[in-house]
Structure formats: structure tokens, C-alpha cells
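What you see below is based on every heavy atom in this structure, not just the backbone, and it leaves out hydrogens, waters and symmetry mates. All values derive from a computational prediction rather than experimental measurement. Here is the naming used below: chain letters follow the sequence lines, and residue numbers restart at 1 for every chain.
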Amino acid sequence: MAKITNDFFDQVYQVVRLIPKGRVTSYGAIAVYLGAKSSSRVVGYAMNAAHTQKEYVPAHRVLNRNGQLTGKHHFETPFLMQELLEKEKIKVINDTVQNFDKYFWDPTEELKL
DNA sequence: GTAATGACCTTGG
DNA sequence: ACCAAGGCCATTA
């Protein structure tokens with residue numbers, strides 16, 4: 001399936017894999033990094049197809065702008081996402097990451113195109 | 001080919 | 001300050 005969007009998806013997956021351990025980011029940040037800030041939804045959609053990729057994608061490190069685990073329900077188990085985040089020493093309360101701004105990992109700042 | 005949906009974000013009242 | 005609606009882009013039915 002050589003589609004045009006495949007490239008965009010691949011970019012998203014690459015960025016997500018580049019997220020350091022114990023760090024999180026938002027869909028919008030990735031969208032901005034890819035130059036499609038308006039396509040924040042597409043980033044989330046890419047995550048939806050993330051589990052279809054060969055390589056594992058740490059989608060649990062990708063949250064919305066509010067720091068909420070909106071996509072936890074899309075994981076194999078709703079608890080898996082929070083479990084993984086807690087393993088990264090990240091406190092998750094009520095499906096929300098604490099100190100989100102502190103753990104926030106901005107690709108545009110770190111990768112600095 | 002058209003219509004509806006979605007792991008979102010921004011702006012208006 | 002809080003609540004509601006629209007917009008953007010790609011995928012699926």
C-alpha cells in the first residue's frame with residue numbers, strides 16, 4: 001500500500017519512537033513538528049494504525065494537549081497505558097499525567113529541525 | 001463518489 | 001472564567 005499518507009504516518013511513528021524514556025508529548029506537538037499543526041487529528045489517527053506497524057510504537061507516551069490518556073481505550077488493555085507510564089516514573093491520576101509540562105517533550109525543541 | 005467518523009486543537013459566546 | 005461549536009486532514013463504510 002504505497003500511499004502518500006504512509007510517509008506522514010511513518011514520520012509520526014519515528015518521532016514517537018524518538019521520545020525519551022520518562023517523557024511524554026502531545027499530538028499537536030508532533031503535528032507542528034511535521035508542519036501540519038492543523039492536522040493534529042491525523043496524528044491521533046496515525047496512532048490508531050500504530051499497532052499495525054511492524055515496529056512497536058510507544059503510543060502511551062503520546063497524550064493530548066491536556067495530558068489526558070485519551071487513547072488508553074485503544075490499547076490492548078485500558079490499564080496497559082497507565083501501567084507503562086507509571087513504569088516510566090510518570091504519575092498518572094484520573095487518566096491524567098501529573099507535571100505534564102515538566103515531562104513534556106517537544107520535538108520542535110529537542111529535535112530542532 | 002459522497003458521507004460520516006476520529007487517540008485533537010483553536011476560537012467564539 | 002466556563003461552555004459550546006467549528007475546522008482541519010486522512011481513513012473507512
**Q** Ignoring hydrogens and geometry, is there a side-chain-to-backbone donor-acceptor pair from Tyr13(A) to Ala46(A) under 3.5 Å?
**A** yes
**Q** Between dA4(B) and dG6(C), how far is it from one P atom to the other, in whole Å?
**A**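 Result for the P pair: 15 Å, nearest Å.
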**Q** Taking the side chain of Phe75(A) as heavy atoms from C-beta outward, which of dA7(B), dC9(B), dT12(C) is closest to it?
**A** dA7(B)
**Q** So does Thr70(A) get a side-chain nitrogen or oxygen closer than 4.0 Å to the phosphate oxygens (OP1/OP2) of dC8(B)?
**A**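 Result: yes.
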**Q** Separation of Leu80(A) atom CG from dA7(B) atom P, in whole Å?
**A**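 Taking atom P of dA7(B) as the reference, CG of Leu80(A) is at 17 Å.
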**Q** Indicate, with a heavy-atom threshold strictly under 4.0 Å, whether Asn48(A) touches base, sugar-phosphate, or nothing.
**A** base
**Q** What's the CG-P distance between Asn64(A) and dT10(B), to the nearest Å?
**A**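 After rounding, the reported distance stands at 11 Å.
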**Q** Heavy atoms only, 4.0 Å cut-off, all strands: where does Arg41(A) land among base, sugar-phosphate and nothing?
**A**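 It contacts base atoms.
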**Q** Reckon Ser39(A) touches a base, only the sugar-phosphate, or nothing at all at heavy-atom distances under 4.0 Å?
**A** sugar-phosphate
**Q** When we call it a touch if two heavy atoms are under 4.0 Å apart, what does Ala59(A) touch: a base, just sugar-phosphate, or nothing?
**A** base
**Q** So that I can tick it off, tell me whether Arg23(A) and Glu88(A) are bridged by a salt bridge, with the cut-off set at under 4.0 angstrom between side-chain N and carboxylate O.
**A** no
**Q** Is the side chain of Asn94(A) donor-acceptor paired with the backbone N or O of Thr96(A) at a distance under 3.5 Å, no angle test?
**A** no
**Q** Rounding to an integer number of Å, can you tell me how far Asn66(A) CG sits from dC3(C) P?
**A** 13 Å
**Q** Starting at atom CZ of Arg65(A), determine the distance to atom P of dG7(C), rounded to an integer number of angstrom.
**A**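 The distance from CZ of Arg65(A) to P of dG7(C) comes to 21 Å, rounded to the nearest Å.
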**Q** Can you measure Tyr33(A) atom OH to dC8(B) atom P for me and round it to whole angstrom units?
**A**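 Taking atom P of dC8(B) as the reference, OH of Tyr33(A) is at 22 Å.
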**Q** dT11(C) P sits how many Å from His51(A) NE2, rounded?
**A** 15 Å
**Q** Check for a donor-acceptor pair, side chain of Asn99(A) on one end and backbone N or O of Lys102(A) on the other, with a separation under 3.5 Å.
**A**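 Side chain of Asn99(A) to backbone of Lys102(A): no pair is present.
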**Q** Once you round it to whole Å, what is the distance between P of dC9(B) and CD1 of Ile30(A)?
**A** 10 Å
**Q** Hey, does the side-chain of Tyr27(A) have a donor or acceptor N/O within less than 3.5 Å of a partner on the base of dA7(B)?
**A**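 Answer is yes: a donor-acceptor pair is held.
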**Q** Verify, without hydrogens or angle tests, whether Arg65(A) (side chain) and Gly28(A) (backbone) share a donor-acceptor contact under 3.5 angstrom.
**A**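 No; zero donor-acceptor contacts below 3.5 Å.
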**Q** Nearest of dC8(B), dC9(C), dG6(B) to any side-chain atom of Tyr45(A)?
**A** dG6(B)
**Q** Expressed in angstrom and rounded to an integer, what is the separation of Glu76(A) atom CD from dA7(B) atom C1'?
**A**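 After rounding, the gap between these two atoms is 15 Å.
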